Amino acid sequence: MRTAILNGTLVSAAETLPYDLYFDQGSILGAVPRGDQRFGPPEMSIDATGKYVLPGGVDVHTHLDLPMGAFNASDDYATGTLAAAHGGTTTIIDFVNHARGESLLKNVEAWHQKAAGRAVIDYGFHMTVAEASPQVMAELPAVVKSGISSVKVFFAYPERLLLDDPSVFRVMQRAADLGALVLVHAEDGPPLDILVEQARGRGEWAPINHALTRPEVAEATGTERAIALAEMAHAPVYIVHVSCARALTRIVEGKSRGLTVWGETCPQYLCLSEDDLRGTPEDPFAGAKFVCTPPLRPKIHQEALWRGLAQGHLDTVATDHCPFNYVGQKDRGRNDFTKIPNGLPGIETRLHLLYEAVTQGKLSLERMVEVAATAPAKIFGLYPKKGSLLAGADADLVIWDPIRPVTLNAQSLHMRVDYSTYEGRTVPGSPMQVYSRGELLIDRGCAKAAPGRGRFLARAPA
Ligand code: URP
Ligand code: ZN
Ligand code: ZN
């Protein structure tokens, strides 16, 4: 049905225009000056007076249904993608898990099973690589061929995921040959594990020790090493979840030397701090709700990250959505911070928090669209189908109401988790409507979408 969004203000990464937008059969027909009838009379029209019309959000870092130790992340594909849609995100890229000794391709198949019949929005996968064994290296071409053109490696978690430098280097070379992008979790893990053991030996069990045993310098040196290895491998590199000023400085250095280095940060590093990890004087364990990796940093880092984002030193904002309930999951670490599952809920609140920052003058509306939709779509091979308002793009759209405040809390949000890290925070704007391929998913907070309508996005190699 030929549909027109009339009287709104279109916002792309490049410009803001008082235009009408037409779409039909799931695709954008085009944007025209108000009143222009070149696409013929619409069969349906939506009045967007006073609203912004944005490309649907693209969140390239999520963990749905992720097994972690004794637990699974609490959102599955049905609940997590619906929550994403409520927040104006219409595309995600989720991480396929890998454990040493396992086949990558079997894991990919398992991830397709998790998503099929459940996803509400379109989704792609990144491949996690926990070892560079002959089998893994042999399977990589088939993984890329199946539409997964990005691979994540870890410098942290020696017992489960860490790859040593030669292995990372070989993965980077192979990925570059295959046209795949390597993502790096850049905390330098082995010394951190020693710090953790020493803290436990001293009987320091509270959640704040998670931050105290994972200092900024570990992320800074890891980021530098990731960029150096990528430079030697002649490969681009994407640094995930940048949390601190010194890691950002390393990215700026890499970019200034002409290297293809992308930096991602997350709302939690922009909006929360180490203070949250301390909990309250009466209940220091409440800080468990804020345990994620890398850890939240002292507040001073927020300013550096916001500036880095506004100036183009950081390229994307993704959520690293990896929720665990406080009761029954996070609280299993009550007597030992190392047993608190790492990860925060966030898939639903990314655009709310970025828009709040727009109203505070921290970044422009166009830059918000760029870091939340356009740049991630470009970096991960989804543009211009996703992340744009161009003719021919998927009609993945958010009609954003700048004066529809919402108070964020576990009850009002849709993520399947029993707390919010932003409990009680009122943000100034929220989506009025959210569309995916022209289909109305969310209308003024009401879900209209059926699970299973989301499609796998096979991404071509670069
Ligand atoms: O605490 C986090 N971030 N959990 C998810 C795993 C990761 O390293 O991204
Ligand atoms: Zn990570
Ligand atoms: Zn992650």
Side-chain angles (χ1 to χ4, degrees), residues 59-75 80 84 92-99 111 123-130 150-163 168 181-189 192-193 196 207 209-211 213-214 218-219 222-223 225-226 237-244 247 262-270 272 274 276-277 287-297 316-326 329-330 332-333 337-347 350 376 380 415 417 421:
D59 183 352
V60 294
H61 191 151
T62 68
H63 301 279
L64 297 176
D65 212 350
L66 174 76
M68 199 186 273
F71 307 115
N72 260 40
S74 60
D75 264 320
I92 58 165
I93 307 185
D94 198 57
F95 286 84
V96 175
N97 206 32
H98 177 232
W111 237 256
Y123 57 94
F125 295 152
H126 306 289
M127 186 72 236
T128 302
V129 167
S150 44
V151 170
K152 183 179 180 189
V153 297
F154 288 77
F155 287 162
Y157 311 123
E159 71 297 345
R160 286 185 299 120
L161 291 163
L162 177 139
L163 261 62
V168 170
L181 176 60
V182 175
L183 291 67
V184 183
H185 177 127
E187 283 180 304
D188 191 15
L192 304 186
D193 280 17
V196 166
N209 291 292
H210 180 67
T213 56
R214 306 188 84 83
E219 192 181 333
T223 302
R225 189 152 54 90
V237 66
Y238 180 95
I239 311 294
V240 292
H241 47 47
V242 175
S243 74
C244 58
W262 287 295
E264 165 199 283
T265 191
C266 311
Q268 52 270 35
Y269 304 117
L270 295 161
L272 302 172
E274 195 180 273
D276 295 297
L277 261 176
K289 293 174 182 170
F290 299 88
V291 169
C292 59
T293 303
L296 300 179
R297 304 294 184 187
T316 63
V317 176
T319 61
D320 199 3
H321 178 74
C322 189
F324 295 96
N325 285 312
Y326 184 62
Q329 294 188 310
K330 291 273 187 189
R332 294 305 147 97
F337 73 93
T338 65
K339 298 201 163 52
I340 302 168
N342 290 199
L344 304 185
I347 204 167
R350 184 176 62 126
F380 289 102
M415 297 173 284
V417 60
T421 50

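Computation of the quantities below employed the complete heavy-atom set of this structure, encompassing side-chain atoms and omitting hydrogens, waters and symmetry-equivalent molecules. Just so you know, these numbers come straight off a predicted model, no measurement behind them. Residues: numbered from 1 along the sequence shown. In each ligand, atom 1 is the first atom listed, and ligand 1 is the first ligand listed.
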Among H98, H61, M127, the one residue meeting side-chain contact (heavy atoms from CB on, under 4.5 Å) with K152 | H61
Parallel, tilted or perpendicular: rings of F95 and H126 (30°, 60°) | tilted
Mind checking whether F71 and L66 have side chains closer than 4.5 Å, heavy atoms only?
-> no
Looking only at protein heavy atoms, identify the closest one to atom 3 (N) of ligand 1 and say how far it is in Å.
-> D320 OD2, 2.6 Å
Shortest non-hydrogen contact between M415 and G346, atoms and distance | SD-N, 3.5 Å
Show which atoms of ligand 1 fall inside a sub-4.0 Å distance from at least one heavy-atom site of G343.
-> 1 (O), 2 (C)
Q268 to L344 - nearest heavy-atom pair and separation | CB-CD1, 3.7 Å
With respect to the Zn ion (ligand 2), what is the nearest N, O or S atom of H241?
-> NE2
Could you tell me whether F154 approaches ligand 1 through its side chain, its backbone, both or neither, with non-hydrogen atoms closer than 4.0 Å?
-> side chain
Short check: any N/O/S atom of K152 below 2.8 Å from the Zn ion (ligand 2)?
-> yes
Restricting to N, O or S atoms of H63, which is nearest to the Zn ion (ligand 3)?
-> NE2
For F155, which of R225, H185, E219 qualifies under side-chain contact (heavy atoms from CB on, under 4.5 Å)?
-> R225
Which heavy atom of the protein is the closest neighbour of atom 8 (O) of ligand 1, given with residue, atom name and distance?
-> H185 ND1, 3.1 Å
Atom of D320 closest to the Zn ion (ligand 3), considering N, O or S atoms = OD1
From the Zn ion (ligand 3) out to just under 2.8 Å, does an N/O/S atom of H61 turn up?
-> yes
Can you tell me the N, O or S atom of H185 that's nearest the Zn ion (ligand 2)?
-> ND1
side-chain contact (heavy atoms from CB on, under 4.5 Å) partner of H210, chosen from T338, N342, I340 = N342
Does the side chain of E264 reach to within under 4.5 Å of the side chain of H241, using non-hydrogen atoms?
-> yes
Shortest protein heavy-atom distance from atom 4 (N) of ligand 1, along with the residue and atom involved | N342 O, 3.4 Å
Is the shortest heavy-atom distance from the side chain of F380 to the side chain of L181 under 4.5 Å?
-> yes
Which heavy atom of P207 sits nearest a heavy atom of G287, and at what distance?
-> CB-C, 3.8 Å
To which protein heavy atom is atom 1 (O) of ligand 1 closest, and what is the distance rounded to 0.1 Å?
-> T293 N, 2.8 Å
among protein heavy atoms, the one nearest atom 7 (C) of ligand 1 is K152 NZ, 3.6 Å
Name the closest protein heavy atom to atom 6 (C) of ligand 1, giving the residue it belongs to and the distance to 0.1 Å.
-> H63 NE2, 3.8 Å
Going by the order shown, which atoms of ligand 1 are within less than 4.0 Å of some heavy atom of C292?
-> 1 (O)
